[in-house]
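These notes concern the structure reproduced below.
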Amino acid sequence: METLVQALHKQPTAVNTEVKVINLALFGHGLVGGTLISQILESQQNIAKRKGIYLNIFAVANSKRLLLNENGISNQWLDQISQQPEGYSVQQVIDFAKQHQLENLIAVDNTASTTFINNYELLVNGDFHLISSNKIANTISFKFYQSLRETLHKNNKEYLYETNVGAGLPLIDTIKLLHLSGENITKITGVFSGTLSYLFNNFSVENQPFSAILQQAIANGYTEPDPREDLSGNDVARKLLVLARELELENEFDEIKIQNLIPEPLQALSVTEFLNQTDKLDPYYQDLKNKLEPNHVLRYVGELSGDLQQAKGILETKLIAVSAFTALGQLKGSDSIFEIYTESYGDNPIIIQGAGAGAKVTARGVFGDILRLASKN
Ligand SMILES: NC(=O)C1=CN([C@@H]2O[C@H](COP(=O)(O)OP(=O)(O)OC[C@H]3O[C@@H](n4cnc5c(N)ncnc54)[C@H](OP(=O)(O)O)[C@@H]3O)[C@@H](O)[C@H]2O)C=CC1
Ligand SMILES: N[C@@H](CC=O)C(=O)O
């Protein structure tokens with residue numbers, strides 16, 4: 001009950017005696033993580049009043065610094081974290097939670113790090129549930145994927161990652177429920193990337209260089225920290241793999257057929273070098289556009305198919321030309337569209353469509369995962 005007393009002390013008007021304190025450690029405070037912190041701080045009191053759940057952010061970290069406060073961070077957190085010493089370990093966060101007897105622990109990974117995921121099992125063994133917008137843990141080896149699930153099961157902990165596919169759209173939950181209820185999903189296809197949707201929706205019909213539209217996508221917060229993750233098709237491939245593994249398929253990332261949209265000379269540059277030379281993309285994409293038939297547009301699509309009752313499915317990503325008058329051709333803005341074909345629904349797929357990228361919708365999706373866990377435990 002100590003955390004409740006702390007919360008009551010800190011926010012006496014906000015919480016009542018029925019309140020459950022959820023203690024959050026947030027790793028990564030860039031576009032998505034920073035927006036999530038603002039959203040939580042804004043609605044903390046309201047949620048405590050309406051739902052009896054108090055969201056206490058006791059830890060915030062970036063790649064170098066860690067800010068800890070058992071009573072929860074304040075609106076000055078960004079200033080305060082910049083004043084912390086460089087260097088910390090995730091074990092420090094676990095020890096701090098133990099030392100202050102914090103309960104209902106959730107660690108949230110809003111990094112794009114390929115190494116931070118090595119802390120996941122440590123956190124689960126340290127009594128934390130996990131939430132991530134980062135797709136890496138679900139898309140490296142199947143061995144890692146299974147081992148994490150075993151550790152979660154052993155510790156009676158959960159791992160939610162709704163934003164891994166379709167940002168804030170309720171996709172993973174839908175696929176999970178369909179699959180768990182015994183519905184036979186036969187194919188999933190569509191435009192999986194908000195960034196690539198925005199790029200090709202606009203480039204196909206507007207008289208602007210490709211690089212100018214890419215800069216807009218970056219400015220809008222749609223791209224990965226390294227936009228080549230989007231342009232290489234890797235981010236779409238990861239989303240396909242997350243969905244495939246939801247269906248208990250055992251595919252590995254290197255089995256996915258991926259069309260890379262980055263001309264070879266730009267593939268090996270550093271992020272900064274690449275960002276300084278994006279105009280070199282323009283002739284390559286202009287050429288693709290010039291070859292389009294009238295009333296046709298470009299779309300980058302992903303498809304999960306094959307016999308999905310077997311151990312492995314067929315996963316493919318590619319750039320295609322479609323009629324501007326089809327559902328795909330009509331896509332606007334940064335919308336993603338997912339068509340889920342199942343045995344019961346036959347030729348009429350379940351369609352989920354909406355903003356497929358952006359800091360606000362993604363942070364809201366992570367927030368949703370936090371509330372899902374908070375209501376359960
Ligand atoms: N943008 C979108 O629409 C969507 C994004 N996502 C995912 O959200 C995640 C975050 O993206 P975004 O906010 O744009 O990324 P940013 O680059 O803006 O922010 C990343 C944050 O992670 C921190 N970080 C990096 N490495 C580590 C580490 N090892 N330990 C702790 N913190 C670390 C960075 O700190 P530092 O500054 O010190 O490097 C920074 O605070 C990505 O995985 C992305 O795939 C998912 C769905 C949609
Ligand atoms: N860069 C990604 C962000 C969400 O995962 C995209 O554009 O879809």
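Atoms within each ligand, like the ligands themselves, are counted from 1 in listed order.
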Does Asp230 reach ligand 2 with a nitrogen or oxygen that is under 3.5 Å from one of the ligand's nitrogen or oxygen atoms?
-> yes
Between Asp235 and ligand 1, is there a nitrogen or oxygen pair with a distance under 3.5 Å?
-> no
Where's the contact between Ala357 and ligand 2, heavy-atom distance under 4.0 Å: side chain, backbone, both or neither?
-> side chain
Any N or O of Gly221 closer than 3.5 Å to N or O of ligand 1 | yes
Any N/O of Thr115 closer than 3.5 Å to an N/O of ligand 1?
-> no
Does some non-hydrogen atom of Gly194 fall short of 4.0 Å from ligand 1?
-> no
Nearest non-hydrogen protein atom, atom 42 (C) of ligand 1 = Thr111 O, 3.4 Å
Ligand-residue contact atoms, ligand 1 with Ala112, heavy atoms, under 4.0 Å = 42 (C), 43 (O)
Determine whether the side chains of Tyr222 and Asp230 contain a donor N or O and an acceptor N or O closer than 3.5 Å.
-> no
Please state whether the rings of Phe210 and Tyr285 are parallel, tilted or perpendicular, taking 30° and 60° as the class boundaries.
-> parallel
Quick check: does any side chain N or O of Glu206 sit under 3.5 Å from a backbone N or O of Phe203, one acting as donor and the other as acceptor?
-> no
Contact atoms of ligand 1, heavy-atom distance to Ala357 under 4.0 Å = 3 (O)
Looking at Gly194, which atoms of ligand 2 are within less than 4.0 Å of one of its heavy atoms?
-> 6 (C), 7 (O), 8 (O)
For atom 7 (O) of ligand 2, what's the nearest protein heavy atom and its distance?
-> Thr195 OG1, 2.5 Å
Residues Lys98, Asp95: salt bridge by 4.0 Å N-O rule | no
Minimum-distance protein heavy atom relative to atom 8 (O) of ligand 1 = Ser133 OG, 3.1 Å
Is the Phe142 to Phe144 ring centre distance short of 6.0 Å?
-> no
May I ask you to check whether Thr163 has an N/O atom sitting below 3.5 Å from an N/O atom of ligand 2?
-> no
Would you call Glu158 and Arg372 a salt bridge, taking side-chain N to carboxylate O under 4.0 Å as the test?
-> no
Please determine, by modelled atom types, if Glu103 and Asn23 share a side-chain donor-acceptor pair under 3.5 angstrom.
-> no
Sub-4.0 Å heavy-atom approach of Tyr88 to ligand 1 | yes
At what distance is the nearest protein heavy atom to atom 3 (O) of ligand 1, and which residue and atom is it?
-> Gly358 N, 2.7 Å
Enumerate the atoms of ligand 1 whose separation from the nearest heavy atom of Thr163 is less than 4.0 angstrom.
-> 46 (C), 47 (C)
When distances are taken from atom 8 (O) of ligand 2, the protein heavy atom at minimum range is Lys239 NZ, 2.4 Å
Side-chain contact, heavy-atom cut-off 4.5 Å: Leu66 with Val60?
-> no
Proximity of Tyr120 and Tyr159 rings by center, below 6.0 Å | yes
Is a side-chain donor-acceptor pair under 3.5 Å present for Gln286 with Asn290?
-> yes
Among all protein non-hydrogen atoms, which one is nearest to atom 23 (C) of ligand 1, and what is the separation to 0.1 Å?
-> Gly28 CA, 3.7 Å
Numbered atoms of ligand 2 (with element) below 4.0 Å of Thr223, judged on heavy atoms = 1 (N)
Note the single closest protein heavy atom to atom 15 (O) of ligand 1, along with its residue, its atom name and the distance in Å.
-> Pro225 CG, 3.5 Å
Under 4.5 Å between any side-chain heavy atoms of Ile172 and Glu246, yes or no?
-> yes
Would you please say whether a donor-acceptor pair under 3.5 Å links the side chains of Glu273 and Asn276?
-> no
Mind checking whether Gly356 has an N or O less than 3.5 Å away from an N or O of ligand 1?
-> no
Would you confirm whether any non-hydrogen atom of the protein falls under 4.0 Å from atom 37 (O) of ligand 1?
-> no
Under 3.5 Å, is there a donor-acceptor pair between the Gln216 and Gln208 side chains?
-> yes
Determine whether the aromatic ring centres of Phe27 and Phe116 lie less than 6.0 Å apart.
-> yes
For atom 2 (C) of ligand 2, what is the nearest protein heavy atom, given as residue, atom name and distance?
-> Glu224 OE2, 3.2 Å
Hey, is Ser113 touching ligand 1 through its side chain, its backbone, both or neither, going by heavy atoms under 4.0 Å?
-> side chain
How close does the nearest protein non-hydrogen atom get to atom 44 (C) of ligand 1, and which residue and atom is it?
-> Glu224 OE1, 3.3 Å
Touching ligand 2 at all, Gly356? Heavy atoms, strictly under 4.0 Å?
-> yes
Just checking, is any N or O donor in the side chain of Ser133 or Asn110 under 3.5 Å from an acceptor N or O on the other one?
-> yes
For ligand 2, indicate whether the residue Asp235 contacts it via side chain, backbone, both or neither (heavy-atom separation under 4.0 Å).
-> side chain
Where the side chain of Asn56 meets the backbone of Glu70, is there a donor-acceptor pair that is under 3.5 Å apart?
-> yes
Any N or O of Val32 that comes nearer than 3.5 Å to an N or O of ligand 1?
-> yes
Flag for Gln353-Ser336: side-chain donor and acceptor within less than 3.5 Å = no
Which ligand 1 atoms are under 4.0 Å away from a heavy-atom of Gly30?
-> 13 (O), 18 (O), 19 (O), 21 (C), 40 (C), 41 (O)
Enumerated ligand 1 atoms positioned under 4.0 Å from heavy atoms of Lys135 = 45 (O), 46 (C)
Salt bridge or not for Lys143 and Glu250, using N-O below 4.0 Å?
-> no
Nearest protein heavy atom with distance in Å, relative to atom 5 (O) of ligand 2 | Lys135 NZ, 2.9 Å
Atom 48 (C) of ligand 1 [closest protein heavy-atom partner, distance rounded to 0.1 Å] = Thr362 OG1, 3.1 Å
Would you say Leu315 and Leu243 make side-chain contact, with heavy atoms under 4.5 Å?
-> no
The closest protein heavy-atom partner of atom 41 (O) of ligand 1 is His29 N, 3.0 Å
